[in-house]
Every structure is written in C-alpha cells, then in structure tokens.
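Presented below is the structure to which this report refers.
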Amino acid sequence: MTTAIVGVGNIGGAVARHLVAGGESVVLAAKDQTRAEALAKELGPRARAASVEDAVADADADAVVLALWLDAIKELVPRYARRFEDKVVVDPSNPIAFDANGQITRTLPERESAGSVVAALLPAGAHYVKAFGTLGADALAGSANREPRRAVLFYATDDDIAATMIERLIRAAGFDPFKAGGVADAGRIEMPGGDLHQFGLNGELVDLDRARATVAAKAPA
C-alpha cells in the first residue's frame, strides 16, 4: 500500500520520513518537483517522486496527504477533483497565515474550520479525514516512537474507511491515534484556538490516557 504526499515542507517531509521508517511506501509531489525528488532520494527505495497530478492519480495510492497551506489546497482540489474519488484524503491544514510582523493570523471566520472547507470541496466518493496537523512541525518531526508511551495524534472524520486508514498510518508513523470526533469537530484539532491542538494544550504532547481524559473533560456542551 502506498501513500501519496503532496507537499514536502515541514509537515509533509516529516510524515514521509515517519511513514518510510515505519515500513510504508510513499510517492512524493511538490510544486517544485526537484524538492520531491531530493526527498525521495534521501528516503530510499520505499519513496519515489511524481508530478502532483500523477501522485494524486496513482493507482497504488489509497491515501493522499495534502500537506499544503489551506489556500493551496483550495486551488488544488477543484483542479483534480475526480482524481480523489475513492481515495482517503488526509488534511493537515490549519486556517492560518503570517502578517507583516510575522504574527499568526486566522484566515477563516471563528467557528469555521479548515476541515469543513476542504471536506466540502471533495467529491462525494472521497473519504475525508483531518489529521497530521495537530502538533507543531518540530514536535511532529521529533516525537515519533516516544518511550515509554507514544504521543497521540488526534484525528477527525465521519468516514469509517478514512478512520481505519488514518489509524493505520498514524501507528506506522510512530504515534497513537485518537479520534476527536467528526468533521464538525475538526476545529478542535486545528490552530489557532483548537483546544486539542498541541498549542491549545500548552505545548503538551499527550499519551492515550491523557487524550481520553482531555477529550472527555473538554467536550463541548
């Protein structure tokens, strides 16, 4: 089984490295294809590079990780919409940008999540899940296979096929999966403002017991 990863920056690169270390195969794509080719070469025989269109359409790729800024996803998904039919689409995006002073700003209205935006763009046959964006880039890169207990990556989906796939991928990447809810709950695992995002947890990386307790304690009324 192969996972396509579109975007090989801090998030996409970390996910690719973790999946390959966990025995998964990946096909990598980026706007600058030379970056995808360089990462594929670094990762060895379980990784290869392709164009964005070829990666999304790859017959062997049952899952596609869109490791891009939200605005880039909003442009890409309509362009290749039919290619996402029957695939699990993994969305790590957050509704953020940086202002002229380098400060994080929110790009969507309060109570509107990036997850709800991306899910609405996909064709009916796609299997959407919000995941791999619940930690800061440094924590995601450096916290796989933590001992004595793995760190949790939260996810949100209404789709059973997507849930089964993302739980397998999160475990392969060296983390424990925990479902935060459906797409309506995606904002809880996004930044800014998500109470289950690492930054909403004051920088803490939680294990499964802590995740269960936190979700139960902070569940919306």
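- Among residue pairs with one or both ends in residues 187-211, those qualifying as ring pair (Phe, Tyr, Trp, His ring centres under 6.0 Å) are His197-Phe199; sequence neighbours excluded.
- Ile104 contributes atom CD1, which lies 4.5 Å from atom CZ of Phe98 (distance to the nearest 0.5 angstrom).
- Across Thr3, Thr164, Val129, Val15, a single residue satisfies side-chain contact (heavy atoms from CB on, under 4.5 Å) together with Leu169, and that is Thr3.
- One distance of note links CE of Met165 with CD1 of Ile170; it measures 12.0 Å at 0.5 Å rounding.
- Remark: Arg168 engages Glu24 in a salt bridge, criterion side-chain N to carboxylate O under 4.0 Å.
- Of the possible polar contacts, one joining the Arg46 side chain to the Gly23 backbone as a donor-acceptor pair under 3.5 Å is found.
- For Glu190 (side chain) and Ala114 (main-chain N/O), a donor-acceptor pair under 3.5 Å exists by modelled atom type.
- Atom CZ in Arg149 sits 4.0 Å away from atom CG in Asp209 (nearest 0.5 Å).
- Residues Asp207 and Arg210 are not paired through a salt bridge, judged by the lack of any N-O separation under 4.0 Å between the basic side chain and the carboxylate.
- Within the 4.5 Å cutoff, no side-chain heavy atoms of Leu153 are placed close to those of Tyr155.
- Using a 4.5 Å cut-off on side-chain heavy atoms (C-beta onward), Phe178 and Leu196 make no contact.
- The neighbour count for Asp54 CG, taken as heavy atoms of other residues, nucleotides or ligands under 6.0 Å away, is above 12.
- Under the 4.5 Å side-chain criterion, counting only non-hydrogen atoms from C-beta, Tyr128 is not in contact with Asp158.
- Within the 3.5 Å criterion, the main-chain N or O of Thr34 finds a donor-acceptor partner in the side chain of Asp32.
- The salt bridge (charged side-chain N to carboxylate O under 4.0 Å, His left out) test applied to Glu42 returns Arg17, not counting sequence neighbours.
- In this structure a side-chain-to-backbone donor-acceptor pair under 3.5 Å is present from Lys130 to Ser93.
- Heavy atoms from other residues, nucleotides or ligands lying under 6.0 Å from CZ of Arg35 number 12 at most.
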Expected list for residues 62-73: side-chain donor-acceptor pairs under 3.5 angstrom, two or more places apart:
none

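- Taken from CG in Leu122 to NZ in Lys87, the straight-line distance is 12.5 Å, to the nearest 0.5 Å.
- Between Ala119 and Val183, the closest heavy-atom pair is CB-CG1, 4.2 Å.
- In this structure, the side chains of Leu121 and Lys74 come closer than 4.5 Å at one or more pairs of heavy atoms.
- Annotation: side chain of Phe175 is in contact with side chain of Leu140 (closest heavy-atom distance under 4.5 Å).
- At a threshold of 4.5 Å between non-hydrogen side-chain atoms, the residues Gln198 and Leu205 count as touching.
- Taking both residues in full, the closest heavy atoms of Gly115 and Asp91 are given as CA-OD2, 3.9 Å, listed atom of the first, atom of the second, then distance.
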- request: Could you please spell out the steps behind the side-chain hydrogen bond (donor to acceptor under 3.5 Å, both in side chains) verdict for Thr157 and Asp159?
  value: CA-CA 5 Å; Thr157 187; Asp159 188 293; 5.4 Å; no
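- Arg106 contributes a side-chain N or O that, together with a main-chain N or O of Pro192, makes up a donor-acceptor pair within less than 3.5 Å.
- Checked by atom type and distance alone, the side chain of Glu37 never pairs as donor or acceptor with a backbone atom of Ala49 at under 3.5 Å.
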